[in-house]
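Written below as structure tokens is the structure these notes are about.
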Number of protein chains: 2
Amino acid sequence: MKSISERQKIILEFIQDFIEVNDYPPTIRDIQAGCNISSTSVVSYNLDKLKETGYLDRNSEVSRGLKLTKNNSDFSVPLLGTIAAGSPFPLPDNDTWSDVNGQEIIEIPHSMINSPDGVYALKVKGESMIDAFISDGDLVIMEQTSNVRNGQMAAVRIISDDSTTLKHVYSDGEYTKLEPANKQMKAMTFESNNIQILSKVIGVWRYLG
Amino acid sequence: MKSISERQKIILEFIQDFIEVNDYPPTIRDIQAGCNISSTSVVSYNLDKLKETGYLDRNSEVSRGLKLTKNNSDFSVPLLGTIAAGSPFPLPDNDTWSDVNGQEIIEIPHSMINSPDGVYALKVKGESMIDAFISDGDLVIMEQTSNVRNGQMAAVRIISDDSTTLKHVYSDGEYTKLEPANKQMKAMTFESNNIQILSKVIGVWRYLG
DNA sequence: GATATTTTAGAACATTTGTGCTATGATTAA
DNA sequence: TTAATCATAGCACAAATGTTCTAAAATATC
């Protein structure tokens with residue numbers, strides 16, 4: 001998965017700021033001090049990771065041999081948690097957004113969304129979403145909104161069941177039909193006040209080999 | 001005088017090119033190799049000079065701690081020689097322009113000229129130009145052209161005398177009047193075919209203390 | 001021409017800085 | 001749980017790199 005850890009995000013921002021101020025990149029020890037990292041080897045380790053994920057070029061054995069490469073054509077959205085059968089469906093809240101530490105970051109191309117506001121990612125655990133053609137390990141990109149058009153896929157909570165699934169949503173006001181992506185399975189219709197739209201699905205990403 | 005040596009100009013261009021390619025500044029030894037300089041101390045020496053003249057910032061004891069500061073609002077023109085009584089008036093020629101080595105470079109603000117083409121500088125030796133209010137040590141900025149408007153100051157050669165002076169030029173076609181900047185002295189009129197316009201004067205710079 | 005100043009050379013030195021290694025804790029996979 | 005992988009720590013080492021010093025050459029100054 002092409003995401004970077006929080007520490008790597010901090011390092012990346014430090015490098016950007018440092019270059020902004022000094023016009024030359026920081027040394028490993030500059031980064032160490034600037035990001036409160038205990039060891040130079042940890043910095044080096046994470047710089048290599050950032051190179052692997054393509055966020056920067058690293059000229060080895062060259063002091064300050066760093067070059068930021070990532071184009072700014074991606075939005076960063078948080079990976080808020082996992083979707084698993086029996087677990088509550090994670091939703092962003094104020095705490096989640098402000099609590100940056102420990103969050104993984106997912107990069108979304110600009111072409112996919114207009115704004116990262118309310119957008120987050122969830123990783124699927126297990127096969128509970130199999131009828132939405134979403135399998136174990138997939139990454140679901142969601143936007144927190146209750147405003148979905150008919151036919152769009154959304155995370156829907158059936159209040160009477162206290163269950164949450166990903167379904168295509170059709171509503172005529174009084175009733176809401178939930179239709180699985182897998183047409184082999186039958187759609188179900190509920191009273192609209194028994195249905196809560198949690199978030200709409202923007203995309204599903206599957207990383208293979 | 002705020003000019004830099006040819007070697008310093010080469011160093012400056014090397015630094016610019018290096019940053020262009022690598023996104024980080026060169027080390028002293030990079031410069032040494034790139035500019036064919038025999039010693040690191042010479043590079044360091046010239047970097048200090050460039051810092052004094054304001055062409056770059058130098059963060060001492062910091063590797064690659066260079067930052068180009070000079071705004072690109074100046075043209076570089078060559079200092080071709082000196083104006084001295086009895087000496088021939090230096091004029092640019094093809095050799096002069098192509099022979100970059102050993103020439104001092106003068107920086108001209110963009111606001112002063114539209115283009116550095118044909119523009120050069122001369123340093124005044126002695127008081128031979130005193131009637132143009134130009135004294136020893138002044139720097140005269142000239143543009144090689146024979147196209148001067150009436151009233152402009154130019155370097156004018158009086159062919160019959162084989163002498164060259166800086167005078168305000170007024171021509172009505174058949175006759176050309178040469179008027180000293182110092183109105184106390186009298187103007188002289190010559191047949192136009194006895195007069196050769198060498199260059200027009202763009203400015204006079206005097207550096208004091 | 002004699003003297004002072006600037007510039008270049010060369011080399012040694014000290015600091016900076018990237019790397020390598022081992023150990024430890026944290027997280028994940030089976 | 002147990003093993004494996006990932007991430008962090010700490011330290012020592014070697015290479016990279018800026019500095020310093022002396023001397024010579026070039027240039028400017030008087």
Side-chain angles (χ1 to χ4, degrees), chain A residues 1 3-11 15 18 22 24-53 56-67 79 81-82 84 101-104 123-126 136-137 207, chain B residues 1 3-11 15 18 22 24-53 56-67 79 81-82 84 101-105 123 125-126 136-137 207:
Chain A
M1 176 151 25
S3 64
I4 60 175
S5 72
E6 187 56 27
R7 171 163 274 179
Q8 283 157 24
K9 193 186 172 192
I10 293 175
I11 290 176
I15 294 174
F18 190 100
N22 298 286
Y24 48 81
T27 65
I28 284 183
R29 283 172 178 82
D30 289 333
I31 299 171
Q32 182 189 10
C35 301
N36 270 41
I37 298 175
S38 63
S39 173
T40 57
S41 64
V42 175
V43 178
S44 183
Y45 174 86
N46 282 289
L47 288 181
D48 282 338
K49 290 291 173 188
L50 285 169
K51 182 176 182 178
E52 283 174 19
T53 47
L56 52 79
D57 269 354
R58 208 180 168 205
N59 218 333
S60 77
E61 307 201 4
V62 169
S63 73
R64 305 175 190 276
L66 304 173
K67 184 195 295 194
L79 175 60
T82 58
N101 62 342
Q103 280 182 13
E104 263 201 300
K123 196 174 185 179
V124 175
K125 283 272 197 181
D136 186 24
Y207 292 90
Chain B
M1 175 150 25
S3 64
I4 60 175
S5 72
E6 186 58 25
R7 168 163 276 179
Q8 283 159 24
K9 192 187 173 193
I10 292 175
I11 289 176
I15 294 174
F18 191 100
N22 299 286
Y24 49 80
T27 66
I28 284 183
R29 282 171 179 82
D30 288 334
I31 300 171
Q32 181 189 11
C35 301
N36 271 41
I37 298 174
S38 63
S39 174
T40 58
S41 64
V42 175
V43 178
S44 183
Y45 173 86
N46 282 287
L47 289 180
D48 282 338
K49 288 292 172 186
L50 285 170
K51 182 175 182 179
E52 284 175 17
T53 48
L56 52 79
D57 269 356
R58 210 184 164 198
N59 218 331
S60 76
E61 308 199 3
V62 169
S63 73
R64 304 175 190 277
L66 302 174
K67 184 194 295 191
L79 175 59
T82 58
N101 62 342
Q103 279 183 12
E104 261 202 301
I105 301 297
K123 195 172 186 181
K125 283 272 196 181
D136 187 23
Y207 292 90

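- Contacts of B/S39 with the nucleic acid, taken as non-hydrogen atoms under 4.0 Å apart, include base atoms.
- With a 4.5 Å cut-off on side-chain heavy atoms, A/N36 and A/I10 do not count as touching.
- A distance-only check finds a donor-acceptor pair linking the side chain of B/Q32 to the backbone of B/S38 [under 3.5 Å].
- Between D/dT19, D/dT8, C/dT7, one nucleotide has an atom nearer to the side chain of B/K49 than all others, and that is C/dT7.
- One interatomic measurement links the two molecules: CZ of B/F18 to C1' of D/dT17, which rounds to 13 Å at whole-angstrom precision.
- In this structure, the side chains of A/N59 and B/Y24 come closer than 4.5 Å at one or more pairs of heavy atoms.
- Two residues are said to be in side-chain contact when any heavy atoms from C-beta on lie closer than 4.5 Å; B/L50 and B/I11 meet this criterion.
- When rounded to the nearest whole Å, the span between CZ of B/R29 and P of C/dT17 equals 14 Å.
- The existence of a salt bridge linking A/R58 and A/D48 is confirmed by a sub-4.0 Å separation between a basic side-chain nitrogen and an acidic carboxylate oxygen.
- Taking 4.0 angstrom as the limit, B/N59 places none of its side-chain polar atoms (N or O) nearer than this to OP1 or OP2 of D/dG18.
- Rounding to whole angstrom units, CZ of residue A/R7 and C1' of C/dT27 are separated by 15 Å.
- For the pair A/R64/A/F18, a side-chain contact is recorded, criterion being any heavy-atom separation below 4.5 Å from C-beta on.
- The separation between A/D48 atom CG and C/dG20 atom C1' is 12 Å, rounded to whole Å.
- Rounded to whole angstrom, the span from the CG atom of B/N36 across to the P atom of C/dT7 amounts to 20 Å.
- Minimum atom distance to the side chain of A/V42 is reached by D/dA9, of the listed D/dA9, D/dT17, C/dT19.
- Side-chain proximity of A/S38 to C/dG18, D/dG10, C/dA9: nearest is D/dG10.
- For a distance-only test at 3.5 Å, the side chain of B/T40 qualifies as a donor-acceptor partner of the base of D/dT19.
- Side-chain atoms of A/Q8 and A/L47, non-hydrogen and from C-beta on, never get closer than 4.5 Å to each other.
- Picking from C/dT19, D/dG18, C/dT8 the nucleotide with the shortest atom distance to the side chain of B/E61 gives D/dG18.
- Contact between the side-chain N/O atoms of B/S63 and the OP1/OP2 oxygens of C/dT16 is not found at any separation under 4.0 Å.
- Looking at which nucleotide of DNA chain C each of B/N46 and A/S44 is closest to, the 5′-most match is held by B/N46.
- The closest side-chain heavy-atom distance from A/R29 to A/V43 is not below 4.5 Å.
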All N/O contacts under 3.5 Å from nucleotides 24-30 of chain D to the protein, with atom names and distances to one decimal?
none

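- Here D/dT17 presents its P atom at 12 Å from CD of B/Q32, a figure rounded to the nearest Å.
- Spacing between atom OH of B/Y45 and atom P of D/dA23 amounts to 18 Å, rounded to whole angstrom units.
- Here C/dT17 presents its P atom at 5 Å from CZ of A/R64, a figure rounded to the nearest Å.
- Looking at A/S41, its side chain comes within 3.5 Å of the base of D/dG10 through a donor and an acceptor atom.
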